[in-house]
Amino acid sequence: MRYIFVTGGVMSGLGKGVLASSVAELLSESGILVSMMKIDPYVNVDAGTMNPYKHGEVFVTDDGGETDLDLGTYERFLDRKMGRNLNITTGSVYREVIERERRGDYLGDCVQIIPHVTDEVKSKIRQAASKEKAEVFVVELGGTVGDIEGLPFLEAVRQMGLEEKGRTVFMHVAYVPHLETTGENKTKPAQHSVQALREIGIQPDFLVARSSLQLLPDEVQKLALFSSLSPSEVIRLPDVPSIYMVPKVLKDQGVDTMILLKLNLQPKSQSATHQLLASRFSNLPPGPEIAMVGKYVTLRDSYVSIVEALKHAGAALGFNPKLRWIDAEDVEKNGPKQIDGVVGVMVLPGFGVRGTEGMMASIQRARELRLPFLGICFGMQLSVVEFAREKLHLKANSTELDPQTEAPVIDLLPEQRGLTKMGGTMRLGGADIAVEEGTLLRKAYGKSVIRERHRHRYEVNPDYWDALRNAGLLFSAFDMSRRRVEAIEDPSLPFFVGTQFHPEFNSRPLRPSPIYLAFLQAAVSAQRGIKPPLPPWFSWPESRCEDKL
Ligand code: GLN
């Protein structure tokens, strides 16, 4: 087993996850089995209870873990399902240590950060690596060197560096800011962050210099000198138009070859996914605008998997979708006029009552304008409420938003009743879904059974199924027991689809989510009256989309 540890310096938000994933992707191109882990130094046991507005999206793994959004990046780059055990936090480590102490497993020892907590970290890393059967295990440490909460993790990986001599590589990602006034790239903060890492006892094998502009040779030289590295071990990573170009940027600098050499590994085969990625995602013209209606629109990371899914689908169609972010609360105050001029509308996942009337006003406007609509989870639930209000003239709502509502068309899942703990208790993870024949969903996926992921407590209330159907709503997918609606469509409109599941979690850069692809395709064809080229595996329902336009 070999390990690559990725640390960060100077500031957060540098794309450490993208770097780590790109390295992993390049190594897997050499035929090496690679998997990844994310360590988050926060005290939460998992990301599930964190506000997406502050922390970004909660990524849901197929096995039902609510994890850090970086696991989504790993899945997208490696095209491999990640398990919930591949994300550990201070909270999850301490919970284990404390439970063990309560059981008396430490036999009277005084339980300390070193060695007990660090041992637990090391054992979690090693266990996960061996469960993954990885030859190389890439471990990304969240946070920035110098953070107090990250120290036990850095100490644990420092020890692993000694214990696994010759089988570890340390990569440090640091920011090199560009100073407008003097026109220079400033290397000092990155130098200092390497120093901070060395004080802990870790000498990086590579320094990845994140910058907005390309670094000059003398700047690279300076960074190398102060980091005790050769200039080729200073990897330049300037901003690029798409994250999917990063593997190629690294490949061009020989990063994979240098890492394999250090790990004493031979490449087994060679594929060129980095080239496919770079060619699909570079030079994409901007596409027409899609409205993105939600509650957490100021922090784009809140919906990162959805944004990436749209990018994957857009790239397959030959453009980069332009997103018009619309704050649902703003629609509540000022009406849905921001919708006008877009070619498609998405209503995004969410929780709680704030902004929901704005989301429903947006859905109603999308209906009026006959715009292609895709509602995900909460967005689907609200489209059902809106439908019931519009077509059945009910004072409908979801009991999540109004527990006393006269017509609870969306209600708690039966197994959710009586739950008091919020953490990890939703309907979570992947499940098989039966897709009905003759539906847009079936045509998009081309399959009668699909597997997608979930994260919800509410669903379409079975008491209203008949009424909704009689009013023209089509239930296009069910869970395998057929007791639960998984997707809806309104066949009176060209493209009106809501999914209770989250297809974005399974979207991959070179294999976009079928329903996102169908949605974007409907949106652009509605606007231009043309059909962009489609990937060979995709078949579009010819008549449904065009007949009413
Ligand atoms: N709040 C809704 C529920 O719990 C929707 C959740 C979501 O959009 N992920 O069912």
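All values below were derived from every heavy atom in this structure, side-chain atoms included, with hydrogens, water molecules and symmetry-related copies excluded. Whatever order the structure lists ligands and atoms in, that order sets their numbers, starting from 1.
Under 4.0 Å from any atom of ligand 1, one finds heavy atoms of residues P349, G350, F351, C377, F378, Q381, E400, R455, H456, R457, Y458, H502.
A distance of 6.0 Å or more separates the ring centres of F519 and F373.
Ring-plane geometry between F501 and H454 is classed as perpendicular, the angle between the planes exceeding 60 degrees on a 0 to 90 degree scale with a lower cut at 30.
Listed by chain and number, the residues in a salt bridge (Lys or Arg N to Asp or Glu O under 4.0 Å) with E149 amount to none (sequence neighbours excluded). Partners of E357 according to the salt bridge (Lys or Arg N to Asp or Glu O under 4.0 Å) rule, which considers only residues two or more places apart in sequence or in another chain, are R389. In this structure, R483 has no salt bridge (Lys or Arg N to Asp or Glu O under 4.0 Å) partners at least two apart in sequence or on a different chain.
Checked for salt-bridge contact, E75 and R508 meet the test: a charged N lies under 4.0 Å from a carboxylate O.
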